[in-house]
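Just so you know, ligand 1 is whichever comes first in the structure, and atom 1 is the first atom listed for that ligand.
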Amino acid sequence: MAMGHLQHLQFFIPFFLLFTIFLHPSHAEVGTSAQYSPPFLPTACYGYDSGQFPSSNLFAAAGDGIWDNGAACGRQYLVKCISATEPGTCVVGQVIQVRIVDFALTSVSPPSLEGTTMVLSDTAFGTIANSTAKSINIEFQQYV
Ligand SMILES: *[C@@H]1O[C@H](CO)[C@@H](O)[C@H](O)[C@H]1NC(C)=O
């Protein structure tokens with residue numbers, strides 16, 4: 001294949017992945033999310049390493065269901081808010097990519113609600129929902 005074709009593929013493949021993930025509902029799972037606020041250190045995944053947080057501050061603590069005995073550390077998830085108790089809580093159409101850095105059951109700051117699938121950083125939560133909410137229903141998909 002000519003070099004020009006390969007360069008086009010580099011741009012096409014990420015779009016194709018996003019297309020596959022979001023327009024193919026069977027690949028996404030449904031769960032719940034709470035939120036947590038600073039202090040975040042130390043985490044169950046990386047201790048006191050301040051470099052563990054993405055510069056976007058979009059990160060999360062894994063609940064029991066996705067913790068996977070610590071294998072969840074470093075995994076990336078695409079997350080969107082699909083509903084909540086209070087109508088109008090979700091920011092419609094907003095999708096975030098979060099990195100798992102902690103275990104929700106041992107996080108330094110307690111989650112706004114116990115027992116959720118994933119506890120989002122306050123920044124992450126506030127990006128996809130009204131930050132006054134305690135919890136939301138989410139659709140999520142592991143990313144790469
Ligand atoms: C967020 O929710 C609170 C409580 O329901 C409400 O008073 C506020 O107007 C909402 N903010 C936005 C931006 O929708």
Side-chain angles (χ1 to χ4, degrees), residues 5-144:
H5 285 110
L6 282 174
Q7 281 169 348
H8 280 108
L9 269 181
Q10 280 184 336
F11 290 102
F12 179 72
I13 287 170
F15 286 114
F16 179 73
L17 282 175
L18 284 174
F19 174 86
T20 308
I21 288 164
F22 289 108
L23 300 180
H24 210 283
S26 65
H27 284 233
E29 290 179 78
V30 170
T32 54
S33 269
Q35 58 174 314
Y36 71 141
S37 305
F40 295 116
L41 293 174
T43 66
C45 292
Y46 307 106
Y48 284 98
D49 178 7
S50 59
Q52 65 187 291
F53 304 115
S55 55
S56 60
N57 277 322
L58 302 179
F59 57 89
D64 240 350
I66 62 168
W67 175 238
D68 199 4
N69 235 346
C73 290
R75 281 183 186 158
Q76 310 269 352
Y77 284 94
L78 296 168
V79 184
K80 67 179 174 187
C81 179
I82 52 172
S83 65
T85 312
E86 188 75 29
T89 297
C90 292
V91 177
V92 178
Q94 187 69 258
V95 179
I96 51 168
Q97 182 179 336
V98 294
R99 179 181 198 224
I100 300 297
V101 297
D102 207 350
F103 182 35
L105 278 67
T106 60
S107 62
V108 173
S109 305
S112 54
L113 183 72
E114 308 237 323
T116 59
T117 312
M118 188 185 297
V119 180
L120 298 170
S121 66
D122 47 358
T123 303
F125 192 95
T127 303
I128 59 170
N130 185 326
S131 56
T132 62
K134 272 201 163 60
S135 71
I136 53 174
N137 297 312
I138 56 162
E139 197 171 280
F140 67 105
Q141 159 78 49
Q142 197 181 328
Y143 183 66
V144 190

From CA spacing to verdict: side-chain contact (heavy atoms from CB on, under 4.5 Å), I66, T117 = CA-CA 7 Å; I66 62 168; T117 312; 4.1 Å; yes

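- Remark: Q97 pairs with Q76, L78, Y143 by the side chain to side chain contact (heavy atoms under 4.5 Å, CB included) rule, at least two apart or across chains.
- For the salt bridge (charged side-chain N to carboxylate O under 4.0 Å, His left out) condition, the pairs that include at least one residue of residues 58-68, sequence neighbours left out, are D68-R75.
- Across every non-hydrogen atom of I96 and T127, the tightest pair is CG2-CG2, 3.5 Å.
- Using cut-offs of 30° and 60° on the angle between ring planes, the pair F53 and F59 is tilted.
- Using a 4.0 Å heavy-atom criterion, the residues that approach ligand 1 are N130, T132.
- Residue pairs meeting the disulfide bond (SG atoms under 2.5 Å apart) criterion with at least one partner in residues 85-144, sequence neighbours excluded, are C81-C90.
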